2 protein chains.
Amino acid sequence: MTQQLRMTKQRAAVAGALDATDEFRSAQQLHELLRDRGDAVGLATVYRTLQSLAAGGEVDVLRTEDGEALYRRCVRDEHHHHLVCRSCGTAVEIDGPTVESWAARVAAAQGFSDIEHTVELWGTCAACRAAREG
Amino acid sequence: MTQQLRMTKQRAAVAGALDATDEFRSAQQLHELLRDRGDAVGLATVYRTLQSLAAGGEVDVLRTEDGEALYRRCVRDEHHHHLVCRSCGTAVEIDGPTVESWAARVAAAQGFSDIEHTVELWGTCAACRAAREG
DNA sequence: ACGAGTCATGAGAACGATTCTCAGGCTTGG
DNA sequence: CCAAGCCTGAGAATCGTTCTCATGACTCGT
């Protein structure tokens, strides 16, 4: 069912870069990171890989306030949300308080179907705050 | 304090277009809509106007799954969330169940500050569903 | 190991949304 | 009515992301 994906060194490199951090990273950041690391991978490939990983639920994706996509390999498989640092991307996986049932209920009441929800918290982590305030 | 904004016919047109609908609309959609209506306004101006309206809290903004910005003039002034139709943009304003306090609590527990949250529900409205299923 | 058939890669072009530039137009305070 | 300055609009410029296509790398059957 799951289409066969060849394991190439590029895919391994991207996956490795993701595994190496807890922070949400953009495709371009990962691209640079891999280049600096010596495992240069084409930008297009980074995008493609992230896309397939996301499609397979292997990585979580979210959008910055200005629309940029950020990726992160999460520990949990089950659905969850995040508390993300706006400046460094550090993220903590959190539970949404009964968001699911609430979402379903509200949606049904309005006649909507195929419901999905987005719940993310953005903030400044302690480290970044300290760095900023000096 | 709030810098003086001149009331020009373009600004009025954009605001008017927003007032005329309940649906979330992209800058480009509004631009076309105004052109068709006869109140042609430059695309750049539409973007600028939406930007200032959003900054002033006069309109709500949210991002499509693929990063496009959608705008809507909401009825409520207080903070609220939305149940939005993926295909037509129709939206219903809804209350988030104690999201605020939950967000603050979780954030504090993790040492984060300057918290903001994003809570949106996406679905297919009854009309669009009917149209799709025939 | 050899070759065919495929999927993957990468450089650069193409895209779509949004922002910037700048010369000329409109508003507003006085 | 005038001056000073915000506004506007067309087009160029950005930026993130996707597409194109020639070339490279896997896999499998033999």
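Not measured: the values here are computed from a predicted model. Labels below follow one simple rule: chain letters A, B, ... track the order of the sequence lines, proteins then strands, and each chain is numbered from 1.
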- Item | Residues A/H82 and A/D60: side-chain donor-acceptor under 3.5 angstrom | yes
- Item | Counterpart residues, salt bridge (Lys or Arg N to Asp or Glu O under 4.0 Å), relative to A/D36 (two or more places apart) | none
Every protein N/O within reach of nucleotides 24-28 of chain C N/O, cut-off under 3.5 Å:
unit_1: C/dT27; atom_1: O2; unit_2: B/R6; atom_2: NH1; d: 3.3
unit_1: C/dT27; atom_1: O2; unit_2: B/R6; atom_2: NH2; d: 3.2

- Query: Under 6.0 Å between ring centres, would you say that holds for A/H31 and A/Y47?
  - Reply: no
- Message: Using whole Å, what does the distance between atom P of nucleotide D/dT18 and atom CD of B/E65 come to?
- Response: 12 Å
- Task: State whether B/E58 and B/R73 are salt-bridged, where the test is any N-O pair (Lys NZ or Arg NE/NH1/NH2 against Asp/Glu carboxylate O) under 4.0 Å.
- Result: yes
- Message: Salt bridge or not between B/R105 and B/E100? Use side-chain N to carboxylate O under 4.0 Å.
- Response: no
- Item | A/R63 side-chain proximity, nearest of D/dT17, D/dT8, C/dG10 | D/dT17
- Aromatic ring proximity, centroids under 6.0 angstrom, B/H117 and B/H79: yes
- Item | Interatomic distance, A/E68 CD vs C/dT18 P [rounded to whole Å] | 14 Å
- Should B/R63 and B/E120 count as an ion pair when the cut-off is N to O under 4.0 Å? no
- What parts of residues 19-44 of chain A reach DNA chain C, counting only heavy atoms under 4.0 Å away? A/V41, A/G42, A/A44
- Query: Could you state the CZ-P distance from A/R11 to C/dG10, rounded to the nearest angstrom?
  - Reply: 11 Å
- Nucleotide nearest A/Y47 when distance is taken to its side chain, options C/dA17, D/dG9, D/dT18: D/dT18
- Protein-nucleotide distance (A/L50, atom CG; D/dG16, atom P), rounded to Å: 15 Å
- With distance as the sole criterion, is a donor-acceptor pair present between the side chains of A/R11 and A/T8 under 3.5 Å? no
- Rounded to whole angstrom units, what separation is found between the CZ atom of A/R48 and the P atom of C/dC7? 14 Å
- Quick one: is D/dT18 close enough that its OP1 or OP2 comes under 4.0 Å of any side-chain N or O from A/Q51? yes
